[in-house]
Each structure stands twice: as structure tokens, then as C-alpha cells.
**Student:** 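I have a structure I would like to understand better, so I am pasting it below and will then ask my questions one at a time.
Quick note on labels: first sequence line is chain A, next is B, and so on, each numbered from 1.
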There are 2 protein chains.
Amino acid sequence: MSLSTVSRVLTGRTPVSEGLRARVEAAVAELGYRPNAAAQTLVSGRRSTVAVLARNTVRYGYAATLQGIEEAARASGFVVTIGVIESEEPDAMKGAVDLVLSQPLAGAIVVEFDALGVATLDALPESLPVVAAAGARRKVGSRPHAFLDDEAGGREATEYLLGLGHRTVHHVAIPATRARSGRSWGWRAAMKAAGVEPPKVIQASYDPDSGYDAGQRLARDPSVTAVLCGNDELAIGVMRALAEAGRRVPDDISVVGFDDQPFARMWTPPLTTVSQDFVGLGRRTFQLLAEWTATGRKPRSTSASPRLVVRSSTAAPPA
Amino acid sequence: MSLSTVSRVLTGRTPVSEGLRARVEAAVAELGYRPNAAAQTLVSGRRSTVAVLARNTVRYGYAATLQGIEEAARASGFVVTIGVIESEEPDAMKGAVDLVLSQPLAGAIVVEFDALGVATLDALPESLPVVAAAGARRKVGSRPHAFLDDEAGGREATEYLLGLGHRTVHHVAIPATRARSGRSWGWRAAMKAAGVEPPKVIQASYDPDSGYDAGQRLARDPSVTAVLCGNDELAIGVMRALAEAGRRVPDDISVVGFDDQPFARMWTPPLTTVSQDFVGLGRRTFQLLAEWTATGRKPRSTSASPRLVVRSSTAAPPA
DNA sequence: TTGTAGGCGTTATCAC
DNA sequence: GTGATAACGCCTACAA
């Protein structure tokens, strides 16, 4: 039989007689034949791989977002390639971007949790459908975004602490996406709204060690009774430093984390934190891209709402 | 000029006159031209993407291994695609495998930390270069492996506890790769070598909650003075249950974790655990594949050694 | 040093 | 319903 007959039974769109179809299927099974997606793409123009560009793939939020993207992509028959962007230095960035863009792509997804994500977005050509997964809900250029709205989370956590009777809430921040991360904006907004002048932000990294350093500074200041941390890892570092300095949580100082990592509820004391659905964020981000490639029109950004989970690391301030 | 001249300056292998080369480069820069890797692969047969197949991409060990693979791959000019294998159910497994194998691949890497990894290895065609990243050092068929040798880690941790004076060491296990995970084998081997009959293993999952359940059972047994956990998350769940039951760590019971996740040293008390270089494992695994594709010969498996990190969750048993 | 021609694996467009 | 054939974007002999 002819080559095109085989192609027809494989693609399934055109009717083929029962006998030929059966023979083709038998041969396919016997030979373990797999169509070559690259060749299909070449001729049909249909692209079935999406690239995920991210600063990091290990930290909880990043990894969980990637999981959501991969799940959704696989369900839709898309393959996911990952490209870690390690540096803003033009050559390194260009190299990493060029590497993933060298394949024919249906589109790209940028995990925009940090400043590097913003820069990555700028380095991508306008010709490619690009969407982003981000924290804070903001106006961010022309690329469709799926947001977590961690600004609302930061606000809620701060209001909760203030409502407990704390006169002020200190803040240990993760590195910011833009001027501030969304959660930092939320903290600040809630403070202003309550008529409290926000104390100086303690700028930290993402890891427990940098939280530990921040905790040591906080422990020296007797006016500190409540601390909002930019993530859970920071929070546990802060708590350890506090404990070593003889300050009790939550009796002397309340601590709130962010993200609700699996270990948070096992901590001593169980950590009050802001829960965010990263896996859902990943799925929603992929949906944005899927919609774009299907309809040809840029989709509208979407947003979700984090949720404050109150556990035992927070209480009213000491009398 | 002709099409092939352009191709020549792009590939760089054949000499081209200075003038033409400059004009081509100018045009490339102006148009933002990127060669289509799929088309290159089609004609040259050179493959530049590797697939990573894994049960999970979020948990620490998996995520860190993936990071190592990606770093090494990017440095060598390879693109990484990920395929999460969620189920051993033939159709689901075949679907996921077919999806990633539909692209032209230089090879595949299987993260063989669990039984699903073993099954995935079996589902991959012999024709494709396939290597695996694994925990226990064992004889495992014909596919080259990079090992972590967590069996040695389990042995060392158990010997350490026994050396502290504990009469027995209980074990809370993560799901096994084969009959037992390497760390469980190591525990068992050390117990036998010391002439101690290993108590019944408490089988758990990976997460703190399942460690918590195990901890509740352990707390009821007064003969328990030392516990080796299959990972750090399990360990913190165990410790929380122990604390709630009024058992002190390490005074009443010593607890050892596995993996040395970033939070381990911030725990109260700081967790004694077995540190493993997952990122290095990922790099080594990729090197195996790179060597294979470069030389055409199957490389030999490699192994590393984990390291016991003694902190404050372990002590001599109560008098 | 440069141009021409053939082919990689697949689909789409024609005739038949 | 089936079979030729062109074309996708690129590389590589080979000829000039």
C-alpha cells in the first residue's frame, strides 16, 4: 500500500478501508513505530511543545507551579521543556532563551515570581505566544498573566495580626519581583489602612538561613511582637533565632509564614501561614496559553485568592 | 547569495568569505532568525533534547535531581523535556511515555527513586539510550545508573545510633523501589551485623502526615528509643506526634531523618540526618547519557556516598 | 569559496 | 478509497 494510506490511518481524519487499516495497525504494533513529532511539526505547522522558563525549579512555589503546568500540558497532549534562567547577565540569558526557543514552540510560559522573570519576559520575542504565572495582581504589560494575588494574602495576614491587638507588624521580605513583591505591598497597604507607619522592611533571601539572620535582628528589638515573613522557610529561620534568643512564639512574638508548605503544620508550634494554590496556578497558566493558541486571540488574565490558615504561631501580644 | 552559503556561516564548519559572512550575520541579527532545531535534527540526525521521566517533580529529592540534570544539560547545549509518570496502569504509562518519545530524543533519563521508576525503565524501548538516577547501589539490569548509595547512608545512621547505646533502632520507611528502598536495606544490614533482630518496619508514605501517624504508633511502645526515618518530612511528622504524646527528643527518643532538606537544621531540635547530593546525582546522570551518545558505548554506573550530619535530635538512650 | 541537488519523516493536495 | 507528489526548514555531498 502507499505511504499516504499509512499516514491517513495514523492521523485518523480521512476514512480508510477496514482491511488496510487493520494491516497498518498490525505493522505499527509489531514495529513499535512512533511518528516523529518534529517532522509532523515541520510540515503541518502544528506545534505541541511549550517551554517553561523559570529562575528556579526546586523551591516549593516554583516546583508546584511547574507541576501544575506539566499536568495540564500532558492532559492536552503537549510536551513541556524547561529552561532555567540563572542570570540577568545578557549573554547567559540570551543563551538560555535561545536554547529553548530553537525548538518549534506552541508558546512559552514564564514563572514570574522574581525580577529575573520580569527580565525573561522582556527577552522573549513578540512573535511567540507568551504567558506568565505571577504572584501579585498588577498591570504588567501586554502579556496575559495568571495571578495568585498574594497581595491580598499579605493584607489579610497583616489585618489579622493587627486585629489580634499588635500595635505594629514587622516584615521579613523575599526578593521582590518589581519594587516590592505582592505580599510586601499587601502588608504595607494594610498597615497604612490601619493608620500604622510601616517599620523598615528586613530584606532577606528565600532560605531558612537568611530568615535566621533576620530573626536575630528582630530578637534584639523589644518592640517587635508580630512578624510577617515572605515565605515559610524564612519563618522557620526567624523562629529558630527567636527561640535561641529566649523569645517564645507565640507568647512573646507572633510569626506568620507564606505559602503553606507541607512542613508548616508540623512545625513547633504549627505555623500560621498564607496558603496558595501553586499547582492550580500552573494549570491556569497553561490554560491561558492553550486558549491563545486555540483561538488565536490573547486571553484575559485571571486571578485567584490565597487563604490565611491560622494555626498556633500567632496570638495576642503580651500584656 | 545562495541558501547554502547561509547554512555554512551558521554551522561554521565550512569556510566562508569575510564579506558574505558579515552580510549573513547582519541579516540574522536584523531578522532575529533562529535555526529550527527540529528541521536540523530531521536532516542531520543529531539530537539535542533529553527527556526526564519521573514520578514526581516537586518533592525535594526529585526536584533537586531534576535541577542537576537541567544544569548539566543546558551547559552541554541540550534541552530538557519532562514527563511525569503518574500511574503504573498500562494505558496511562504508555500515553505519558509515548508523548515524550514522540520527539526525536538524544536519550532519556529515568528518576528511579520508586517502584514506578522501575516500571518506567521497562516501558522504554531498547533502541533508545536510557540511563537512570537511583538511590540504592544494586545490580539493576542493563541500564547504566548513577547511584546515591543511600544504603550506605542507612547503615551509617543505624550504626551511629547503636553506637550511642540504643539496643534497637526502629524504622519508618518511605515507599520502596523494589522489595525495600536502599536506606531500608542499609538499616537492616546494620542491625543484622550488630546482632540485633530488626523490629517490624513501619511503612509510611513521603509526607509529614504519614510520619505523624507512624509517630503515634511509636509513642505507644515504651521500648522505642531510636527511630530512623526514610526522609526528613517523615521525621518531623514523627517528632510532632512524639511531642504531643509527651515524649522528648532526644532525651527519651532519638530521631534521624534522611536527605537533609534545608529546613532540617532549623527544626527544634535541629535534625540529625543523612545528607545526599541530589543535584550532583542529577549532573552525574546526565554525564552518563552524554558519554553514551558521544562514544556510542554504554557507560559504567557511578556511585556517590551520603554523609551523616549529626545535630541535636539524637543522644544516648535514657538510663 | 560558492552554488546545485537530494533527502530527512510527515502531511496535504491532487488526480484517479 | 487510494496513490503520487510537492512541500516543510535545514544540512551536506558534489560539482563548478
**Student:** Would you say B:Ser2 places a side-chain N or O within less than 4.0 Å of OP1 or OP2 belonging to C:dT4?
**Tutor:** no

**Student:** Scan B:Val118, B:Leu121, B:Val52 and name whichever one has a side chain to side chain contact (heavy atoms under 4.5 Å, CB included) with B:Val110.
**Tutor:**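 Testing B:Val110 for a side chain to side chain contact (heavy atoms under 4.5 Å, CB included) against B:Val118, B:Leu121, B:Val52 leaves exactly one candidate, B:Leu121.
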
**Student:** Step by step, work out the side-chain contact (heavy atoms from CB on, under 4.5 Å) result for A:Leu128 and A:Leu101.
**Tutor:** CA-CA 9 Å; A:Leu128 185 72; A:Leu101 293 196; 3.8 Å; yes

**Student:** Treat primed atoms plus P, OP1 and OP2 as sugar-phosphate and everything else as base, then score nucleotides 6-15 of chain C 5' to 3': B for base contact with protein heavy atoms under 4.0 Å, S for sugar-phosphate contact only, - for none.
**Tutor:** -BBBBBB---

**Student:** Taking B:Arg137 first and then B:Glu151, would you say they form a salt bridge - that is, a charged N and a carboxylate O separated by under 4.0 Å?
**Tutor:**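 Salt bridge flag = no for B:Glu151 with B:Arg137.
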
**Student:** Is B:Ile82 close to B:Leu66 at the side-chain level, that is, under 4.5 Å between some pair of heavy atoms?
**Tutor:**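 They are in contact (side-chain heavy atoms under 4.5 Å apart), so the answer is yes.
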
**Student:** Would you sort out whether B:Arg23 and B:Glu18 count as a salt bridge (Lys or Arg N to Asp or Glu O under 4.0 Å), showing the intermediate values?
**Tutor:** CA-CA 9 Å; B:Arg23 284 172 57 199; B:Glu18 201 40 61; over 6 Å; no

**Student:** Could B:Arg55 and B:Phe113 be counted as a cation-pi pair, given that NZ or CZ must be under 6.0 Å from the ring centre and within 45° of the axis?
**Tutor:** no

**Student:** What residues, two or more places apart in sequence or in another chain, satisfy side-chain hydrogen bond (donor to acceptor under 3.5 Å, both in side chains) together with A:Ser181?
**Tutor:**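 side-chain hydrogen bond (donor to acceptor under 3.5 Å, both in side chains) check on A:Ser181 returns A:Ser184.
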
**Student:** Using five base pairs at each end to define the local axes, how bent is the helix from C:dT1-D:dA16 to C:dC16-D:dG1, to the nearest 10°?
**Tutor:** 40°

**Student:** Under 3.5 Å, is there a donor-acceptor pair between the B:Gln67 and B:Glu71 side chains?
**Tutor:** yes

